[in-house]
There are 2 protein chains.
Amino acid sequence: MLQVSGKMNITLVDIAKKAGLSVSTVSRILNGQQRKYRISDKSANLVFKVAEELNYKPNALARGLRLKKTHTLGLVVPDISNPFFAFITRIIQLHAHNNGYSLIVCNTDENIESEVEQVNLLISKGVDGFIIMPVGTQSDHIEYLINNELPVVLLDRTLANVKAGMVLVDNFKGSYDATQHLINKGHTAIAIVLGLRNTSTTNERLEGYKQALIDNGIEINEKYIVGNDFRIETGYIETKFLVNLEKPPTAIFATSDIITVGALKALAEENLKIPDDISLVAFDDTDFAPYLSAPLTVVKQPKELMGEIAVKLLIEEIQNGHDEFEKPKIILKPKLVIRNSVVSVSKPVSI
Amino acid sequence: MLQVSGKMNITLVDIAKKAGLSVSTVSRILNGQQRKYRISDKSANLVFKVAEELNYKPNALARGLRLKKTHTLGLVVPDISNPFFAFITRIIQLHAHNNGYSLIVCNTDENIESEVEQVNLLISKGVDGFIIMPVGTQSDHIEYLINNELPVVLLDRTLANVKAGMVLVDNFKGSYDATQHLINKGHTAIAIVLGLRNTSTTNERLEGYKQALIDNGIEINEKYIVGNDFRIETGYIETKFLVNLEKPPTAIFATSDIITVGALKALAEENLKIPDDISLVAFDDTDFAPYLSAPLTVVKQPKELMGEIAVKLLIEEIQNGHDEFEKPKIILKPKLVIRNSVVSVSKPVSI
DNA sequence: GCAAATAGCGCAAACCTTTGCGTTAAAGTT
DNA sequence: AACTTTAACGCAAAGGTTTGCGCTATTTGC
């Protein structure tokens with residue numbers, strides 16, 4: 001209140017001086033160790049009063065240095081502005097906060113070098129644990145964490161041979177179901193627009209797509225397999241390409257919300273109506289999906305659960321230590337939400 | 001590489017021992033002060049080599065403690081999962097990172113107590129500066145920062161009588177323009193669904209709306225002024241209420257992206273087609289807006305600029321110190337993007 | 001050949017907390 | 001009265017960096 005002075009921060013020393021006690025006693029009182037160290041109520045009350053008066057704010061750096069704990073989690077995410085990741089970030093922030101942890105958010109832009117850099121930064125900052133959605137091409141830096149007993153949880157995407165806790169979605173099934181849905185509606189010329197290759201999610205989505213085609217005796221057309229990153233432009237360009245093929249597909253499967261935006265743009269430009277002229281199915285639900293000109297049929301991921309479980313796993317590992325042998329691997333099921341962006345093709349178009 | 005041992009972290013001391021030099025020399029070499037302190041190339045090279053071998057990672061806590069600088073910024077935002085805030089967060093993260101700063105993200109849920117708590121947390125963590133989108137009802141904690149010479153930039157929302165750097169949008173104008181557009185199209189029964197009251201943004205948007213009505217000689221109908229927070233449910237409930245009025249409005253102005261989602265849901269449920277049955281204008285553009293069943297006419301805010309300028313201002317204040325007298329106040333112009341969610345009413349409906 | 005300059009580096013304090021171990025004084029026991 | 005217990009607190013180290021100041025040994029200048 002009266003504290004209108006300069007930058008000088010109040011420390012335990014200041015409180016100790018003013019209260020006529022030692023720093024250690026003040027520290028103990030302020031940390032609720034009064035009983036344990038049998039400190040008189042008189043001293044305790046005095047310290048609380050003085051701390052309040054001086055508007056004391058503990059220095060988390062010094063505390064972290066001493067305790068080797070910062071009560072901070074590091075989140076490494078490819079792109080926070082992507083609605084899917086933004087939502088998960090929010091959930092993670094929420095549950096971290098509810099458990100007394102704050103969150104440093106790092107963006108990698110799907111760049112492995114950036115990812116390594118961010119992880120090192122987070123190590124430097126002394127975070128107590130990591131939630132990582134890895135780019136997926138490399139895992140040395142993650143293994144380093146594990147070897148040094150720094151708690152890690154992998155989210156959304158997995159890495160081969162890494163012994164970390166994981167929270168994943170069954171992308172194969174999601175993709176399979178979406179493709180099967182299109183096939184059920186009579187489509188056989190089905191294209192897929194993929195995100196960043198070599199990520200586990202993209203690999204599984206591609207496999208699910210292929211398997212559904214195979215299981216239905218539909219030949220795989222390599223020309224219908226396009227896309228290589230999670231960007232609006234990719235959705236746009238690849239869709240343009242697809243619809244201008246000599247033999248364009250009758251249905252497109254866009255494998256992320258952001259790719260979908262690009263696809264919508266391209267289809268609008270080409271004056272193709274969904275679903276009459278072309279069908280569209282997307283991975284990831286968005287708030288706007290039901291209100292699009294063609295309410296979008298989507299594969300919905302359990303985003304709340306993903307974030308919540310990831311935090312839970314991580315905090316458990318931080319607090320109870322690492323069971324060397326049993327790292328949990330949680331796989332959640334996606335759900336096909338059928339709306340109105342797929343038309344029935346009575347006479348299947350032959351290949 | 002060979003570092004497969006336990007948790008023991010490598011410090012300057014370890015490097016110093018192995019290199020046969022003092023800790024201070026090692027520190028100076030690793031911080032590029034070789035020339036300044038006239039350290040031989042031989043020593044420098046040796047230190048770099050040893051540091052590499054031991055896989056040294058500086059301890060940012062210790063450094064921050066000593067330097068009183070953490071190269072970390074604190075971002076306080078009402079709701080990261082809101083697409084508008086998510087996008088800005090991304091931009092801020094990007095520019096912070098480009099300038100060598102990392103970012104701790106805090107969420108307030110539009111709760112002033114939570115906001116105060118988060119600010120205190122960030123003080124404890126020793127962030128070098130704050131970007132805050134305040135709830136808006138109280139400013140003591142922000143003034144505390146300013147009095148203690150902790151750099152702050154207010155973003156999106158302002159607070160009365162606070163002498164901080166600010167990056168704002170001309171909400172009055174955005175709202176005025178949107179309302180005027182509706183009036184130009186012949187509407188007179190125009191409702192507005194507001195976000196959280198007593199925030200500067202909401203206040204200004206309400207004023208802009210009212211002024212446009214007044215300037216056109218249209219009477220203000222209090223029944224058409226509804227809403228009190230930025231949530232989907234608010235958009236939904238208030239829209240339901242509006243269209244079921246005895247004399248429902250012919251146009252609705254939804255003052256945020258998320259309110260818009262709720263409004264869309266309500267209108268769909270009520271089987272009201274946009275724009276034929278009712279017109280809709282929204283604050284905030286989203287990627288999906290053009291592809292909705294009625295491509296949405298919106299007031300678009302310059303989100304990239306908002307984030308970029310906020311970071312720039314903040315870092316400038318961090319590095320060049322505070323010009324006590326001249327705190328910049330940047331006001332950006334929003335832009336009306338006309339699409340297809342407003343119909344012309346030839347015969348203005350009388351009140 | 002002697003003083004002065006310079007190259008090259010180390011000492012120790014400071015940043016703020018936490019905590020193991022000790023100390024002191026009072027109260028209780030026999 | 002002598003001794004043990006307990007209440008109530010303090011000392012000092014530790015954690016890893018940075019930096020002002022100071023020290024030595026070698027060069028340079030004349």
Side-chain angles (χ1 to χ4, degrees), chain A residues 7-48 50-51 54-72 120-121 123-128, chain B residues 7-48 50-51 54-72 123-128:
Chain A
K7 225 170 179 169
M8 193 45 207
N9 271 324
I10 304 301
T11 74
L12 288 183
V13 180
D14 301 315
I15 299 180
K17 271 187 193 146
K18 191 153 180 188
L21 292 167
S22 81
V23 175
S24 43
T25 301
V26 174
S27 167
R28 283 165 180 147
I29 291 172
L30 258 23
N31 287 307
Q33 313 251 51
Q34 190 200 338
R35 293 293 152 222
K36 181 174 167 195
Y37 287 93
R38 298 168 305 189
I39 298 171
S40 69
D41 288 352
K42 190 180 141 212
S43 296
N45 290 332
L46 178 59
V47 164
F48 283 125
V50 173
L54 296 181
N55 196 6
Y56 170 70
K57 304 199 194 293
N59 183 319
L61 293 175
R63 176 182 274 160
L65 184 59
R66 178 68 230 252
L67 256 31
K68 295 187 171 300
K69 285 283 167 204
T70 55
H71 271 248
T72 305
N120 278 328
L121 196 92
I123 294 176
S124 270
K125 301 247 174 186
V127 298
D128 294 345
Chain B
K7 225 169 179 170
M8 194 45 208
N9 271 323
I10 303 302
T11 76
L12 287 184
V13 180
D14 301 315
I15 300 181
K17 271 187 192 147
K18 190 152 179 188
L21 291 167
S22 80
V23 174
S24 43
T25 300
V26 174
S27 166
R28 296 200 254 247
I29 291 171
L30 258 25
N31 288 306
Q33 313 251 53
Q34 191 199 338
R35 293 294 152 220
K36 181 174 166 196
Y37 285 93
R38 300 168 305 188
I39 298 171
S40 68
D41 288 352
K42 191 179 141 215
S43 296
N45 291 332
L46 177 59
V47 165
F48 283 126
V50 173
L54 297 180
N55 196 7
Y56 170 70
K57 303 196 196 297
N59 183 321
L61 294 175
R63 175 182 275 162
L65 185 59
R66 178 66 230 255
L67 257 29
K68 295 185 172 300
K69 285 286 167 202
T70 54
H71 271 248
T72 305
I123 294 176
S124 270
K125 301 246 175 188
V127 298
D128 295 345

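Every value quoted in this text rests on a predicted model; they were computed, and no experiment measured them. In what follows, every chain begins at residue 1, and chains take the letters A, B, ... in the order their sequences are listed.
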Separation of B/Asp14 atom CG from D/dG16 atom C1', in whole Å? 10 Å
Report the C-alpha separation of A/Phe48 and A/Leu30 in whole Å, then their side-chain angles, then the decisive distance to 0.1 Å, and conclude whether the side-chain contact (heavy atoms from CB on, under 4.5 Å) test is met. CA-CA 7 Å; A/Phe48 283 125; A/Leu30 258 23; 3.9 Å; yes
I'd like to check A/Val50 versus A/Val47 (side-chain heavy atoms, cut-off strictly below 4.5 Å). Are they in contact? no
What nucleotide among C/dT17, D/dT19, C/dG10 has an atom nearest to a side-chain atom of B/Gln33? D/dT19
How close or far is atom C1' of C/dC11 from atom CG of B/Leu12, stated in whole angstroms? 15 Å
Ignoring backbone atoms, test whether B/Lys69 places a side-chain nitrogen or oxygen under 4.0 Å from the OP1 or OP2 oxygen of C/dC15. no
Starting at the 5' end of DNA chain D and moving along, which residue's nearest nucleotide shows up first, B/Leu65 or B/Arg38? B/Leu65
Under-4.0 Å side-chain N/O to phosphate OP1/OP2 contact, B/Ser22 with C/dC11: no
Under 4.0 Å from OP1 or OP2 of D/dG16: is there any side-chain N or O of A/Lys68 that close? yes
By the 4.0 Å heavy-atom rule, please label B/Leu21 as base, sugar-phosphate, or nothing. sugar-phosphate
Quick check: any donor-acceptor pair below 3.5 Å linking the side-chain of A/Arg28 to the base of C/dG20? yes
Between D/dG16 atom P and B/Leu54 atom CG, what is the distance in whole Å? 14 Å
A/Asp128 and A/Lys68 ion-paired at < 4.0 Å: no
Could you go through the side-chain hydrogen bond (donor to acceptor under 3.5 Å, both in side chains) check for A/Thr72 and B/Lys125 one step at a time? CA-CA 10 Å; A/Thr72 305; B/Lys125 301 246 175 188; 2.4 Å; yes
With a 4.0 Å limit, can you tell me whether B/Arg63 has a side-chain N or O closer than that to the phosphate oxygens OP1/OP2 of D/dT17? no
Looking at A/Tyr56, does any N or O in its side chain come under 4.0 Å of the phosphate oxygens OP1/OP2 on C/dT17? yes
Just how far, in rounded Å, is P of D/dA14 from CG of B/Asn9? 18 Å
Nearest to the B/Ser40 side chain among C/dC9, C/dC16, C/dG10, which nucleotide is it? C/dC9
Any idea which of D/dG15, C/dC9, D/dT19 is nearest the B/Ser43 side chain? C/dC9
Mind calculating the distance between CG (A/Leu30) and C1' (C/dT17) to the nearest angstrom? 11 Å
Under 4.0 Å between a side-chain N or O of B/Ser24 and OP1 or OP2 of C/dC11? no
To the nearest Å, give me how far apart NZ (B/Lys42) and C1' (D/dT26) are. 15 Å
Need one value for B/Ile39: base, sugar-phosphate or nothing, where a base atom within 4.0 Å counts as base even if backbone is also close, heavy atoms only. sugar-phosphate
Could you pull out the closest heavy-atom pair between A/Asp14 and A/Asn9, with the gap in Å? OD2-O, 3.6 Å
Length of the line joining B/Tyr37:OH and C/dG8:C1', which is rounded to integer Å: 13 Å
Do the non-hydrogen side-chain atoms of B/Asn31 and B/Arg63 ever get within less than 4.5 Å of each other? yes
Atom-pair distance (CD1 on B/Ile123; P on C/dC16), nearest Å: 15 Å
Contact under 4.0 Å: A/Thr25 side-chain N or O vs D/dG10 OP1/OP2: yes
